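Everything on this sheet refers to the single structure shown next.
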Amino acid sequence: MTYKVKLDVFEGPFDLLVFLIEKSEMSIYDIKVSKITSQYLDYIDRMKAMDINVGSEFMVLAATLIEIKSKMLLPKLKTKEEDAIEDPRTELVERILEYKRFKSAAMFLEHKELYNKKIFEKPKEDLSVYTNEPDEFLSLELSQLIKCFNIFLAKKKKVEEIKNYCENVERQKVSLESRIEYINNIFKVRNKHILNFQELLPSDNNKYEVVLTFSAMLEMVRQKTIIASQTSNFGMITLSLKNNLKEDYMEDPSVKLGGSN
Amino acid sequence: MINKKIIKSAFESMLFVWGDPLDVKSAAEIFNLNWKDAYDYFKELQAEYEKEGRGIVIREVNKSFQFVTRYENNEYIEKLCTPVKEKKLSQSALEVLAIIAYKQPVTKVEIDSIRGIKCDRVIEGLIKKDLIIELGRSTGIGRPILYGTTSTFLKNFGFESLNDLPHIEDIGNVMHVEQELDDLDNQQISINFDGQ
Amino acid sequence: MINKKIIKSAFESMLFVWGDPLDVKSAAEIFNLNWKDAYDYFKELQAEYEKEGRGIVIREVNKSFQFVTRYENNEYIEKLCTPVKEKKLSQSALEVLAIIAYKQPVTKVEIDSIRGIKCDRVIEGLIKKDLIIELGRSTGIGRPILYGTTSTFLKNFGFESLNDLPHIEDIGNVMHVEQELDDLDNQQISINFDGQ
């Protein structure tokens, strides 16, 4: 049986530190670092003991405190300008003060929020009764549509002209359907049930061909006409005909293969 | 006893948040007032709003009261609620609309490939405006959605039927170009990996 | 020109149907008024409702106006109905909000370093509640996002504008917190947690 102990929840390491300093009635300007450090570490231990998740932020401040503590323990070297030696606590004090400033601002906002929660608005009325027309009034003109389309056609034509100059791109793109056919044909011609992916690629294969073949393979897997397997990453893909009776899926109306075979 | 001014002020607050007609009885109970007094207070408030020509008036409905706007101000409210801006179709919306009008039934992929740019957003917008509609699905691979124009389209552009669409000289060329692209479209298959 | 009384009456009607804070500019446009005149009319209305101790008052938020109930009447409203209230903000949300309100535009790293703890979640929550907003990006290294407060913040906390926020050094006095705060004037230190 576990007992749940209610522990003050702190918004962060500074919140805890401020709490400890205030509890021991220390002056912020003269923090007893070693005392506060041990209290701080104690508290964290207690939180841990109670299974409270202590964020790493709390540990960061713990480290800072320990560092300041050790600096305070170092014998002060007497220099000519003794006063100029900076108190190792200065930065911490500034940060605590900054935090306290916003903490009180938060308290102030809390107070304002509480007050304003007692002032009520009313929801917007249903405005549709005032708007007889639809939200958007579309002004549409035929001439505009035609003009727009003509501009578009002109653009298109230009692109086509450019394309004609660059004939070397791809002359014929093979469709997925025809590639599936092509693959089926290979199976048929070679009279095999199992083929490697490589064997399916046309001789002049390029990236497009590979992608198309791969897509065709996936589509065939989807149509359940073949099974594809690969034993290792980047390894060889093996395709095996699920059913070498091609007619079976030719009869399936959901699979529409172009052309004739 | 709480003074009358405070009660009347509270009645106003209550009317405001309540919205619907507020029963005199419910209001009276909160202050342990008798019904008649509460009713009189509401009537006094009503007279005040009326006398000062306020933009909100108190309407009595069946021994209940309700804040409503002054009738005469309707035209201003309408103006506030109807922004004057006439929304026009954007160039891209018109392009997509034209393609759909001339090529229907047409798939998104076809439209994309004609324009060389994705048009999902534009299509959504045109559907919202009821200018185009999903006609069904193609029998092709992936069964893509087919789009066509609506009768709102015809109405807004002043066509009696799609046959009224003017012939566009160059359209043949465009369609030619598309043939090649159509093949590419077929790559947009929906892949299903559980096939194995 | 339409007379002032009619315009003010129309403004009341508009405030009533609109519900949300109504931008002075939108109201002015309907009557082709200049902004300053429209603003003055709203201020006059506000004063009238205030003077007469009406149960509804006009609240100003960021150059917009809104009808709301009078604070003092809240107990009667709550007797009549239980208005939907949003949950109170958590302590950490209030802290982050305070930092953003006072230091805006401010980056997450600055907020984190003041509180000594990450505040990503809290910021998300505040954005969802429309209390803070991304203002853009700092020109500093990594171009971190800058946060600021919204007009919903002003409204929910009862400020007309950001100028209404009391000077942070004065809050201690306002809230009867320790005097120590007044001694140092080092709001400007930029802190770096891993500085040591």
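Note that these values count all heavy atoms, side chains included, but never hydrogens, waters or copies made by symmetry. Since we're looking at a predicted model, the values are computed, not measured. In what follows, chains carry the letters A, B, and so on, assigned in the order in which the sequence lines appear, proteins first and then strands, with residues in each chain numbered from 1.
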Minimum heavy-atom separation for C/Ala98 and A/Ala106, please, with both atom names.
CB-N, 3.7 Å

Salt-bridge test for C/Lys103 and A/Glu98: reply yes if a basic N is under 4.0 Å from a carboxylate O, no otherwise.
yes

Greater than 12 external heavy atoms within 6.0 Å of C/Lys51's NZ
no

Under a 4.5 Å heavy-atom cutoff, which of C/Val57, C/Ile56, C/Asn73, C/Asn74 has the most pairs with chain A?
C/Asn74

Give, as side chain, backbone, both or neither, the part of A/Leu114 having an atom under 4.5 angstrom from any heavy atom of chain C.
side chain

Heavy-atom closest contact (C/Arg59 atom, A/Glu121 atom, distance):
NH2-OE2, 2.9 Å

In terms of heavy-atom pairs under 4.5 Å with chain A, the winner among C/Ala101, C/Ser92, C/Ala93 is C/Ser92

C/Glu95 and side-chain contact (heavy atoms from CB on, under 4.5 Å): which single residue from A/Phe102, A/Phe14, A/Tyr99 fits?
A/Tyr99

Run the side chain to side chain contact (heavy atoms under 4.5 Å, CB included) check on C/Leu89 and A/Glu113 step by step: do they pass?
CA-CA 9 Å; C/Leu89 286 178; A/Glu113 187 193 25; 3.5 Å; yes

Salt bridge check: are A/Arg101 and C/Glu169 linked by an N-O gap of less than 4.0 Å?
yes

Nearest heavy-atom contact between C/Ile117 and A/Glu11 is CG2-O, 3.4 Å

Taking the side chain as every heavy atom from C-beta outward, state whether A/Leu109 and C/Leu97 have any atom pair closer than 4.5 Å.
yes

What is the distance from atom OH of C/Tyr102 to atom CZ of A/Phe108, rounded to the nearest 0.5 Å?
5.5 Å

Atom NZ of C/Lys118 with >12 non-hydrogen neighbours under 6.0 angstrom:
no

Interatomic distance, NE2@A/His111 vs CZ@C/Phe157, rounded to 0.5 Å, equals 12.0 Å

Between A/Asn116 and C/Asn156, the two heavy atoms sitting closest are CB-O, 3.1 Å

I'd like to know if C/Glu75 and A/Lys118 make a salt bridge, using a cut-off of under 4.0 Å between side-chain N and carboxylate O.
no

State the CH2-NZ distance between C/Trp18 and A/Lys124, to the nearest 0.5 angstrom.
4.0 Å

Taking atom NZ as the centre, does C/Lys25 end up with more than 12 heavy-atom neighbours from other residues, nucleotides or ligands that are less than 6.0 angstrom away?
no

Does the distance from a Lys or Arg side-chain N to an Asp or Glu carboxylate O, for A/Glu57 and C/Arg115, drop under 4.0 Å?
no

Measure the NZ-CG distance between A/Lys122 and C/Asp20 for me, rounded to the nearest 0.5 Å.
9.0 Å

Under 4.5 Å between any side-chain heavy atoms of C/Gln91 and A/Lys103, yes or no?
yes

So which atom in A/Lys112 and which in C/Phe159 form the shortest heavy-atom distance, rounded to 0.1 Å?
CE-CE2, 3.4 Å

With a 4.5 Å limit on heavy-atom distance, are the side chains of A/Phe120 and C/Ile77 in contact?
yes

